[in-house]
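Remarks on the structure that follows.
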Protein chains: 2
Amino acid sequence: MKLDKGLIAGSSTMLVLKLLESGDMYGYQMIEELSRRSNQVFQMQEGTLYPILHTLEKGKYLSAYEQQAPTGRMRKYYKLTRKGRQLLAEKQAEWEKFHRGVEDVLSGGADALSFS
Amino acid sequence: MKLDKGLIAGSSTMLVLKLLESGDMYGYQMIEELSRRSNQVFQMQEGTLYPILHTLEKGKYLSAYEQQAPTGRMRKYYKLTRKGRQLLAEKQAEWEKFHRGVEDVLSGGADALSFS
DNA sequence: TATTATACCTAGATATTCAAGGTATTGTCA
DNA sequence: TGACAATACCTTGAATATCTAGGTATAATA
């Protein structure tokens with residue numbers, strides 16, 4: 001992606017899972033869809049995506065099947081499994097926690113405001 | 001930190017710079033302060049912090065000076081330079097962009113809503 | 001016919017964090 | 001006194017994640 005490599009680390013898997021929540025997709029499509037949904041902020045590289053998909057498939061978070069496109073080309077579709085949905089929920093919860101932490105620090109931190 | 005290692009990557013430098021924006025600090029103090037401001041979300045390790053401080057100092061983003069604590073112990077304080085403030089601004093802008101991107105994807109993505 | 005877009009994949013370099021260790025001083029508690 | 005915890009600094013090596021840069025192959029387009 002164009003952003004600081006580090007920032008993206010850890011969120012890629014969550015984003016991939018999130019995409020599949022709205023329906024089965026094939027790799028190439030995910031890259032376009034991620035770019036579209038993020039208003040071009042995320043330009044995921046194939047070298048990033050495919051290893052993630054393979055790891056998730058091995059871990060049974062995704063299942064895969066091949067299907068012929070109208071053009072005649074074969075596409076490998078990925079489908080979110082129940083286990084994958086659970087992982088997505090965990091990743092999202094972690095993102096919320098992390099995100100809140102960063103915002104707290106950027107806004108000056110937990111001050112005298114919070115008590116009890 | 002306790003969160004997925006990857007999520008933190010890239011944000012650590014920004015958080016360190018942000019801490020120093022409110023005043024000079026020494027390493028050990030930054031770890032405690034970061035924890036406090038983030039409501040215990042960030043527990044930065046020394047093995048993470050010190051290399052970051054050294055890198056930032058080498059790049060002239062921070063300057064350092066030693067000062068004796070009331071206890072008699074020596075502490076190494078870090079001070080944000082003008083260049084450091086500029087880097088912080090850049091890092092924050094990048095965080096905003098990244099953050100917005102993630103939220104857009106998590107909320108379903110850029111749909112028919114946005115036009116022009 | 002040549003180039004671009006589609007569609008999949010992998011290997012190696014790079015970057016970041018963490019775990020685990022080290023050194024040394026100060027404060028506390030038995 | 002002696003032992004341990006807390007303070008305060010540091011480094012090395014392993015693990016993890018991403019990107020660069022390549023590879024293969026088919027379909028559409030100029």
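Chain letters run A, B, ... following the sequence lines, proteins first and then strands; every chain starts at 1. Atoms considered below: every heavy atom in the structure, side chains included; atoms not considered: hydrogens, waters and symmetry mates.
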Under the side-chain hydrogen bond (donor to acceptor under 3.5 Å, both in side chains) test, which residues partner B:H99, sequence neighbours left out?
A:H99

Once side-chain hydrogen bond (donor to acceptor under 3.5 Å, both in side chains) is applied, do any residues pair with B:Q29, and if so which ones, sequence neighbours excluded?
none

Please determine if a side-chain N or O atom of B:S12 lies less than 4.0 Å away from the OP1 or OP2 oxygen of C:dT16.
no

Can you tell me how far [atom2] of [N] sits from [atom1] of [X], to the nearest Å?
X: B:M44; N: C:dT17; atom1: CE; atom2: C1'; value: 10 Å
X: A:I52; N: D:dA17; atom1: CD1; atom2: C1'; value: 8 Å
X: B:E33; N: D:dA8; atom1: CD; atom2: C1'; value: 17 Å
X: A:L7; N: C:dT17; atom1: CG; atom2: P; value: 10 Å
X: B:Q45; N: D:dA8; atom1: CD; atom2: P; value: 17 Å
X: A:L15; N: D:dT18; atom1: CG; atom2: P; value: 10 Å
X: B:Q43; N: C:dT17; atom1: CD; atom2: C1'; value: 15 Å
X: B:M14; N: C:dT16; atom1: CE; atom2: P; value: 14 Å

Report the residues that fulfil salt bridge (charged side-chain N to carboxylate O under 4.0 Å, His left out) with A:E21, sequence neighbours left out, ordered by chain and then residue number.
A:K18

Listed by chain and number, what are the salt bridge (charged side-chain N to carboxylate O under 4.0 Å, His left out) partners of B:K60, not counting sequence neighbours?
none

First encountered from the 5' end of DNA chain D, between A:G10 and A:P70
A:G10

Between the side chain of B:S35 and the main-chain N/O of B:I31, is any donor-acceptor distance below 3.5 Å?
no

Under the side chain to side chain contact (heavy atoms under 4.5 Å, CB included) rule, collect the residues that match up with A:Q67, sequence neighbours excluded.
A:Y65, A:Y77

Produce a footprint string for nucleotides 1-13 of chain C: one letter per nucleotide, 5' end first; B if the base is under 4.0 Å from any protein heavy atom, S if only the sugar-phosphate is, - if neither.
-----BBBBB---

